[in-house]
Amino acid sequence: MLHDEYGVRVSAPLERWAQGFASALRSLGYVRPSIRSALFVFVFVSHWLRTRRLRPGNLTAEQVEQLRRARRSDNYRRSLAKVLQFLRGVGAVPPV
């Protein structure tokens, strides 16, 4: 469970993909602190979608840009790119 391993809780609407995201990063050689950091971005995206009453499948390019503007740090942007790449790969969000 993510909370036990990384101390991170992911809620809907992205909750069902969170474990897969962590596993994908681990399989790419990411270490625990990096995975945990990326999971916090995953949580932010899920919360952002929920507060706007959006489903992942309804994430438009314009909304992705709003997400990027919400947090401007380079580390956040890199993690956001990983989150979106993973979610697109599993078909949760539409391609660019």
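All heavy atoms count here, side chains included; hydrogens, waters and symmetry mates do not.
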| Between S46 and L14, which heavy-atom pair has the shortest distance, and what is it? | OG-N, 3.1 Å

| Quick check: are there more than 12 heavy atoms from other residues, nucleotides or ligands sitting under 6.0 Å from CD of Q85? | no

| Which heavy-atom pair separates P13 from P56 by the least distance, and what is that distance? | CB-CD, 3.9 Å

| message | Would you compute the distance between atom OG of S37 and atom CG of L25 and round it to the nearest 0.5 angstrom? | response | 10.0 Å

| query | Does the side chain of L59 come within less than 4.5 Å of L84's, by heavy atoms? | reply | yes

| said: Donor-acceptor check, side chain of T51 to backbone of H47, threshold 3.5 angstrom: yes or no? | reply: yes

| task | For atom CD of E62, decide whether the heavy atoms of other residues, nucleotides or ligands shown that lie under 6.0 angstrom number more than 12. | result | no

| task | Taking atom CZ of R55 as the centre, report whether more than 12 heavy atoms of other residues, nucleotides or ligands fall under 6.0 Å from it. | result | no

| Quick one: does R88's side chain have a donor or acceptor within less than 3.5 Å of a partner on P94's backbone? | yes

| request: Can you measure from CG (L39) to CZ (R32) and round to the nearest 0.5 angstrom? | output: 10.5 Å

| Cluster check V31, L28: I/L/V/M/F/W/Y, side chain < 4.5 angstrom | no

| Within-4.5 Å side-chain heavy-atom neighbours: F42 and L87 | yes

| task | Would you kindly confirm whether V96 and L49 end up in one hydrophobic cluster when ILVMFWY residues are joined by side chain heavy atoms under 4.5 Å apart? | result | no

| query | What is the distance from atom CZ of F21 to atom NZ of K82, rounded to the nearest 0.5 Å? | reply | 7.0 Å

| field | Over 12 foreign heavy atoms within 6.0 Å of CZ, R77 | value | yes

| remark: What one should report as the nearest heavy-atom pair of R9 and V43 is O-CG2, 3.4 Å

| Looking at S11 and R50, what are the two nearest heavy atoms and their distance? | OG-NH1, 2.6 Å

| said: Quick check on R53: does its CZ atom have over 12 non-hydrogen neighbours (other residues, nucleotides or ligands) under 6.0 Å away? | reply: no

| task | Could you tell me whether F40 atom CZ has more than 12 heavy atoms of other residues or ligands within 6.0 Å of it? | result | yes

| query | If you look at every heavy atom in A24 and S27, which pair is closest and at what distance? | reply | O-OG, 2.8 Å

| remark: When every non-hydrogen atom of Y6 is compared with those of A22, the smallest separation belongs to CE1-CB, 4.1 Å

| field | Intermediate values then yes/no, side-chain contact (heavy atoms from CB on, under 4.5 Å), L54 and W48 | value | CA-CA 9 Å; L54 294 171; W48 190 90; 4.0 Å; yes

| Excluding sequence neighbours, so at least two apart, what forms side-chain hydrogen bond (donor to acceptor under 3.5 Å, both in side chains) with Q63? | T60

| Partners passing side-chain hydrogen bond (donor to acceptor under 3.5 Å, both in side chains) against S23 (at least two apart in sequence or in another chain) | R26

| task | Taking side-chain hydrogen bond (donor to acceptor under 3.5 Å, both in side chains) as the test, write out the residues that go with Y76, two or more places apart. | result | none

